[in-house]
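Beneath this line is the structure, given in structure tokens, with notes to follow.
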There are 2 protein chains.
Amino acid sequence: MARPREFDMDTAVDGAMQIFWRLGYAATNLPELLHAMGVSRGSFYKAFGDKHSAYLAALDHYDRTCIGSAVKLLCDRSIGDGAARILRLFEQTGCGESVAPRGCFVCNAMVELGPHDPAVAKKTAAMSNRLQAAIYDALGDVPGLNPYDTESRHRKAAIITRLYLGAQAMSKTGDRNADWKNLLGELLNRRIA
Amino acid sequence: MARPREFDMDTAVDGAMQIFWRLGYAATNLPELLHAMGVSRGSFYKAFGDKHSAYLAALDHYDRTCIGSAVKLLCDRSIGDGAARILRLFEQTGCGESVAPRGCFVCNAMVELGPHDPAVAKKTAAMSNRLQAAIYDALGDVPGLNPYDTESRHRKAAIITRLYLGAQAMSKTGDRNADWKNLLGELLNRRIA
DNA sequence: ATAATTAGGAACCAATTGGTACAAAACAAA
DNA sequence: TTTGTTTTGTACCAATTGGTTCCTAATTAT
């Protein structure tokens, strides 16, 4: 009963995520954002309301896609034990050898907007908690590590989550730490995989 | 033989550091920056050149002051052994109970500008390296930890540095992890202090 | 067909952006 | 006091900012 939208909603949100991820919120201006989303000005304001709402939608999209696959990876027993899965997470996204380091959108968002934007703070905190919970679960499946010492598991999960975010931050200056096998081995006090 | 400047250079740079630290580079506009520095427009452009140069000066100031005292703390044997000193670092700056979390300026800068600004990337990388080196040194003074296993020390220092930066990032969403004694104890595999 | 409803896109907007120009002012050396 | 040099503050600037208006286009229901 009305004109259908010509752009694909998911593609647009994904484009928004890409550019916000790469440039940050403040440094992304409207023309660039619209180009990345493949949407014209009118459609954008009709569909999203304003720049800030588009940013929140991009964060949700990141949660669904990137955080989602990270959690799935950490749960995938076909990869190996919990330590192998955590190692895989770091090797894949924890600042590998990619030429253009995007880092982690969650890290970017919490650092840039966390203290000034309650909505962003809430979403990013939820995402890092989700990641930490998945790491905690994976730690329950590490041979030689007592899965019933939940205190220790929680502490290790907290450490690894912060290690991950810190590595993401440092990757933005060109830091490449490919030695995750030994680093995580040091942390878990055992050889991995 | 000329008119002396009326503002204090160090105070101005410190003011610039404060506002950039709190708001970030892009989100700090010139009027706010000038107010924080206590300098008028004309004086600002004469003394600093432009906004970006002022940001670099603020980063250098952070290196001299905050990073400097962190390094000094890590070297201060009157505090206790290396583990106690590292613990102190986290308790003091690793997102304590302060109401308004500023996080770490190095973390902010590398995340916001690292990939797009070589000068910022270089300075922030240098500062995180400086911190990591001081942590490495402190690890040489932890009873029960073999100081001659330099490989392990380097790995532990790398982990702790990233743990630190990750905690700084998460502090911006309100995350308060006051349990550093147990977390670092878990990491170093021994009771601390 | 036509009415109703929504998307699209360009023109437009006030406000703000970082940065410049320049003249008045404040000092030191002569 | 005069001269030379630098600082200061204001007025000004073009460009850009995020956002709105409004007319046209495209579709469905009747």
Side-chain angles (χ1 to χ4, degrees), chain A residues 1-61 108-109 112-113 116-120, chain B residues 1-61 108-109 112-113 116-120:
Chain A
M1 103 181 172
R3 177 178 179 175
R5 55 166 54 114
E6 293 176 7
F7 69 91
D8 179 61
M9 195 61 176
D10 214 60
T11 306
V13 174
D14 191 78
M17 181 186 76
Q18 300 293 341
I19 192 97
F20 279 135
W21 189 351
R22 186 157 54 87
L23 301 183
Y25 180 75
T28 300
N29 59 25
L30 228 28
E32 277 176 310
L33 177 58
L34 298 176
H35 178 77
M37 297 177 75
V39 173
S40 79
R41 238 181 163 78
S43 308
F44 172 82
Y45 278 100
K46 190 144 304 186
F48 294 93
D50 61 2
K51 183 185 175 185
H52 185 256
S53 301
Y55 188 80
L56 295 182
L59 273 179
D60 287 337
H61 186 68
N108 299 358
E112 183 184 5
L113 299 176
H116 314 290
D117 192 322
V120 171
Chain B
M1 111 180 176
R3 177 177 178 175
R5 57 167 52 115
E6 292 177 8
F7 68 91
D8 179 61
M9 194 63 175
D10 214 60
T11 306
V13 175
D14 192 78
M17 181 187 78
Q18 300 292 341
I19 192 101
F20 280 135
W21 187 353
R22 186 156 56 88
L23 302 182
Y25 180 75
T28 300
N29 59 27
L30 227 29
E32 277 175 310
L33 177 58
L34 298 176
H35 178 76
M37 298 178 73
V39 173
S40 79
R41 235 182 166 78
S43 308
F44 172 81
Y45 278 100
K46 187 141 300 192
F48 294 93
D50 60 1
K51 184 185 174 184
H52 185 256
S53 301
Y55 188 80
L56 296 181
L59 273 179
D60 286 336
H61 186 68
N108 299 359
E112 183 184 4
L113 299 176
H116 315 290
D117 192 321
V120 171

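In the text below, chain A, chain B and the rest are named by the order of the sequence lines, each starting its count at 1.
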Quiz prompt | Whole angstrom value for the distance that separates C1' of C/dG8 from NZ of A/Lys46 | solution = 8 Å

Quiz prompt | Per A/Ala2 side chain, nearest of listed nucleotides C/dG18, C/dG9, C/dT5 | solution = C/dT5

Quiz item: What's the CG-P distance between A/Leu34 and C/dG8, to the nearest Å?
Solution: 12 Å

Quiz item: NA contact type, B/Phe7, heavy-atom cut-off 4.0 Å: base, sugar-phosphate, or nothing?
Solution: sugar-phosphate

Practice problem: Mind calculating the distance between CE (A/Met37) and P (C/dG8) to the nearest angstrom? | Solution: 12 Å

Quiz item: If you pin B/Glu6 and A/Pro4 to their nearest nucleotides in DNA chain C, which one's is more 5'?
Solution: A/Pro4

Quiz prompt | Along DNA chain D, first and last positions that approach a heavy atom of chain A under 4.0 Å | solution = D/dT17 to D/dA29

Exercise. Take atom NE2 of A/His35 and atom P of C/dG8, then tell me their distance rounded to the nearest Å.
Key: 17 Å

Practice problem: Measure the acute angle between the ring planes of B/Tyr25 and B/Phe20, then classify it against the limits of 30° and 60° as parallel, tilted or perpendicular. | Solution: parallel

Exercise. Measure from CZ on A/Phe48 to P on C/dA7 and round the result to the nearest Å.
Key: 12 Å

Exercise. Please state how far atom CZ in A/Arg3 lies from atom C1' in C/dA7, giving the value in whole angstrom units.
Key: 5 Å

Quiz item: C/dG19 C1' sits how many Å from B/Tyr55 OH, rounded?
Solution: 20 Å

Quiz item: Among C/dG18, C/dC27, C/dG8, which is the nearest nucleotide to the side chain of B/Asn29?
Solution: C/dG18

Exercise. Please figure out whether A/Gly42 or B/Gly42 has its closest DNA chain C nucleotide nearer the 5' end.
Key: A/Gly42

Quiz item: Of B/Arg41 and A/Arg41, whose nearest nucleotide on DNA chain D comes first from the 5' end?
Solution: B/Arg41

